[in-house]
Novice: 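Have a look at the structure that comes next, please.
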There are 4 protein chains.
Amino acid sequence: MPEQRNKKAPGRSRGTTVIETLHYLWILTPNQIAYGTERRTFLCYTINSTDQSVDLRDRRMIHSADKCSDQKSTRERILEAALDIFSSKGYHDARLDDIVEVAHISKGSIYFYFPNKERLFLALVDQFADLIERRATEAIERQPRAGIDRVRAAIMAVIETFGKYRRPAKILLVQAVGLGAPFEKKRLEVTDRFAALIKRHLDEAITVGEIQPIDTAVVAHAWMGAIYNLVIRWVMTGDPPAERIPPTLVPLLLRSVNYPVEEKQGNAV
Amino acid sequence: MPEQRNKKAPGRSRGTTVIETLHYLWILTPNQIAYGTERRTFLCYTINSTDQSVDLRDRRMIHSADKCSDQKSTRERILEAALDIFSSKGYHDARLDDIVEVAHISKGSIYFYFPNKERLFLALVDQFADLIERRATEAIERQPRAGIDRVRAAIMAVIETFGKYRRPAKILLVQAVGLGAPFEKKRLEVTDRFAALIKRHLDEAITVGEIQPIDTAVVAHAWMGAIYNLVIRWVMTGDPPAERIPPTLVPLLLRSVNYPVEEKQGNAV
Amino acid sequence: MPEQRNKKAPGRSRGTTVIETLHYLWILTPNQIAYGTERRTFLCYTINSTDQSVDLRDRRMIHSADKCSDQKSTRERILEAALDIFSSKGYHDARLDDIVEVAHISKGSIYFYFPNKERLFLALVDQFADLIERRATEAIERQPRAGIDRVRAAIMAVIETFGKYRRPAKILLVQAVGLGAPFEKKRLEVTDRFAALIKRHLDEAITVGEIQPIDTAVVAHAWMGAIYNLVIRWVMTGDPPAERIPPTLVPLLLRSVNYPVEEKQGNAV
Amino acid sequence: MPEQRNKKAPGRSRGTTVIETLHYLWILTPNQIAYGTERRTFLCYTINSTDQSVDLRDRRMIHSADKCSDQKSTRERILEAALDIFSSKGYHDARLDDIVEVAHISKGSIYFYFPNKERLFLALVDQFADLIERRATEAIERQPRAGIDRVRAAIMAVIETFGKYRRPAKILLVQAVGLGAPFEKKRLEVTDRFAALIKRHLDEAITVGEIQPIDTAVVAHAWMGAIYNLVIRWVMTGDPPAERIPPTLVPLLLRSVNYPVEEKQGNAV
DNA sequence: AATGAATGAGGTTTCATTCAT
DNA sequence: TATGAATGAAACCTCATTCAT
């Protein structure tokens, strides 16, 4: 009898109820915000990347600053257990009861921190997408010269991060696929962000004259497909061991845009 | 990062340092923010690009829009909010969280003042039943002569009170119905008190000789049903406007016990 | 993940899927339809009384003509059990498991015949409202003369039907109250239909000259309130026994519109 | 009332006496009805007011709109509908009822032809995998010379087939991902078959001396990833139009193994 | 007096699968 | 071959209530 579902998405500018008394605010990454009140800090991953707006009524990811150090917060425990279960069973076969059991919390707690199963899953996707983008960005910033060096650094960082975090990688690349519109939207968003990063630096390489003009959009998506596919195989079967992927893959990619690679790439990485 | 040691758990809306009640938030560009409250939207260009943090207390455009100086007691605030929510959503669809939100108190506070949801609801019913009985009694006492005059005064007082307090009326006449034994008991009790009042004075009227003997118990309940039904319709649909009910209803009731009503009742009320 | 909720209420004129091959059609009452295919008959209570339209996608109340005589159909068993449970426990306290247990069917069967708990409940309300209206109409048709005779016959029929069917009466008059908008809508609809019936024949009585002009709309609602209230008391407490209500109530109502009642109504019923 | 003895359980849509497929219905006045099919709306003034029944066979305006002369076999109809539903909703959001509705068959029929939902889905995957492999093999066989020509022909054939069959492509590349072990097994199997095909002919090209030695296993998987990712994007968003993918992608892949591509692909991008 | 994170029993609803006809 | 009513396990989610602080 949910006669009155909460005012349903009330045109962002007509909120009627006090949500929070806000004291400070961090923009951690382009789609992650933390804001704080006198006593607590709230996290919020849900910036709509299209129109860059945030409706605070969406946030439930409260992070209590009070007892942060002594033991893992409930929210962290949930995320960790969810990572565990979702990555091994997939979205649909994962039951909330599984997560409850692993996290040693109550079912209600999940719904205190996340509005529903879908959003819990998407929080994991977001978390990992943010991590990877940060790693790639940092790797790029470490390269003094614009151009192919940066492209290579970014790719290496991405592969390395995938290699290091097998379970989140599985979630992003496998378990988030084929789940229907809302999930697909998020996946496209994440994927497009990476592709845009690569494209940007490929364009720089063209400007600098390191490689010849080419349709960098298609190249970026092709490269990502190549990377993803090898990572997926590794994640699912362990077959081409993580450390053996870059030595073959990176020169392959660079050659594909006619960038000359010296053929003694044994330690080229 | 935020290490705001709290000054002692201040009720969120009555602290002395409320900076802003924030409702929504846009990240327009990496160093430009807009945020809004119920009434206005603010812009903010000065995100510190290094650590990406913003202390809103440093901002110029912060505007304390509401002073929150409700000095009402917590118990009163709860009852008021409960009246609001229960009357509009009904008992089962009303969540304590709704009341908490409207009352600006904590969920625990409700349980400090009331043992449970049921008793909070019944407190409202009692409150209103007392009010109505008081009004009826006062109206009766203002009538010098025993008999029909008093009956009429009581009925008028009841209708008038219902008309004045639409939300409590809705709670008593609509939302308290069909909730099961404990609620039904209370409702019968309240209803029977009114019926007894009317019966008593009808009996007086018979004694005095104003009307002929009749089964006053049935009459009392029939009258109450008539009154209730019209009030309910008015409360739910607003249809027979409150002021138009008495002129037709009161003569109708009186005639039903063979009390002669002069037929020029345009303003007979 | 209900990514694609079934096309949501598709503007009545753009259905895309074949619902049923229809062969014949009965209009049983103003809001009840039966239609049939080669093999089966379907019932449908859900004519929207406002715009008089029916979307067949709404119907689930299938009545199989195949095995009608030998044993009660599953649908009937469900309705009977639901009547039992809803009338004694009320809507919210009634669990589907209760109904399952009483009806000796599986929980899935309920959802085969009714889209959800709400609609199962409303089917009972509809069923009884239809019955009562039919009884009243028949009683009226048995009266040769227009006017008060018909009014009295209708009222008697209504009271008598309430008296005969205590559980449905409880559902309509008690359990359906205070359940929120969709239920309230139905209740108002039913109530208004009765009130309109009474009003129509009161107006006739005025035309015929049996009673003097009066605001018949208010009278109709007042009368219904009186009737309902006494019936409710009887249903809930058994107190004024059903058979003793009419002898006092009917003359009371008639007198209230100045219709002379001979005062020897001992066996007037 | 309806006593239509049935002539032997005829599949609803292939009986010989389909009168009308009815979608919606208005009761305009007590003796006026409008009803509609997918294509048209009919009016009907002649409800028999006595027994309130309407036999549509007596109506003039009945119009048999569809003949339902699909002579496709039940199994084919199921597979077609399954392709439709699975590709648009994904495995989990697809209900067998959806497929039943689209295929115009009974739920039991599905279980006559397929042991369960999973195997029905996998049948589609198999069907398409076979098709694609056949196309690739045929393309290869049309090339007289071993080596890169054959590799290129195979890739072109695969891309072309994906482009031609968007829905099966979506099933294989998107909807079959992340469904758990049994599905993953099939997917790996299919994918590995393609990869092996490419690898085999790349090895030939090395033998022939067209390209230099390289880890062809990694290359094959990288290429497949590139192809898949662009196809997926096209399938999901339509963005890089199917016909524009090969001109950029094929040279890219060939260059990646140091096969010289003449740089005059004019409108390639 | 006040807080709000945590709980968990219990509800409704879904839907793949079966089987008598 | 075909049907579709019936099944029931299992899933997600709600929300009144508690209690350490």
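All values below were derived from every heavy atom in this structure, side-chain atoms included, with hydrogens, water molecules and symmetry-related copies excluded. Residue numbers start from 1 in every chain, and the chains themselves are labelled A, B, ... in the order their sequence lines are given, proteins ahead of strands.
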Novice: Anything under 30° is parallel, anything over 60° is perpendicular, the rest tilted; go ahead and classify D/Phe86 against D/Tyr91.
Specialist: parallel
Novice: For a quick test of reading the model: is some side-chain N or O of A/Lys107 closer than 4.0 Å to OP1 or OP2 of E/dG8?
Specialist: no
Novice: Between atom OH of C/Tyr111 and atom CG of C/Leu120, what is the distance when rounded to the nearest 0.5 Å?
Specialist: 8.5 Å
Novice: Of all the choices, E/dT13, E/dT17, E/dA5, which nucleotide is nearest to the side chain of A/Phe112 once you look at every atom?
Specialist: E/dA5
Novice: Given E/dG11, E/dT7, E/dA2, which nucleotide is nearest the side-chain atoms of B/Ser106?
Specialist: E/dA2
Novice: Over 60° means perpendicular and under 30° means parallel, so tell me whether D/His92 and A/His92 are parallel, tilted or perpendicular.
Specialist: parallel
Novice: Select one nucleotide: of E/dT13, F/dT7, E/dT17, the one nearest the side-chain heavy atoms of D/Tyr111.
Specialist: E/dT17
Novice: Using a 4.0 Å heavy-atom cut-off, does B/Leu96 contact any base of the nucleic acid, only the sugar-phosphate backbone, or nothing at all?
Specialist: base
Novice: Out of E/dT13, F/dA2, E/dT18, which nucleotide sits closest to the side chain of C/Asn116?
Specialist: E/dT13
Novice: With rounding to the nearest 0.5 Å, note down the distance linking CG in D/Asp84 to CD1 in D/Ile171.
Specialist: 9.5 Å
Novice: What is the separation between atom CG on B/Asp97 and atom C1' on F/dT17, rounded to the nearest whole Å?
Specialist: 12 Å
Novice: Looking only at side-chain N and O atoms, does A/Tyr113 come under 4.0 Å of OP1 or OP2 in E/dA5?
Specialist: no
Novice: So which one's nearest nucleotide on DNA chain E is more toward 5', A/His104 or B/Ile110?
Specialist: B/Ile110
Novice: Taking only the side-chain heavy atoms of D/Ile105 (C-beta and beyond), determine which of F/dA16, F/dT3, E/dT7 contains the nearest atom.
Specialist: F/dT3
Novice: In whole angstrom, what separates A/Asp93's CG from F/dC12's P?
Specialist: 10 Å
Novice: Please confirm whether A/Phe121 and A/Phe114 have ring centers closer than 6.0 angstrom.
Specialist: no
Novice: Hunt down any stem DNA chain F takes part in, defined as 3 or more consecutive Watson-Crick or G-U pairs whose two distances are each under 3.5 Å.
Specialist: E:2-21 with F:2-21
Novice: Would you say C/Ser87's side chain and C/Leu83's backbone share a donor-acceptor pair under 3.5 angstrom?
Specialist: yes
Novice: Closest approach to the side chain of D/Ser109, judged atom by atom: which nucleotide of E/dA16, F/dC12, F/dA2 is it?
Specialist: F/dA2
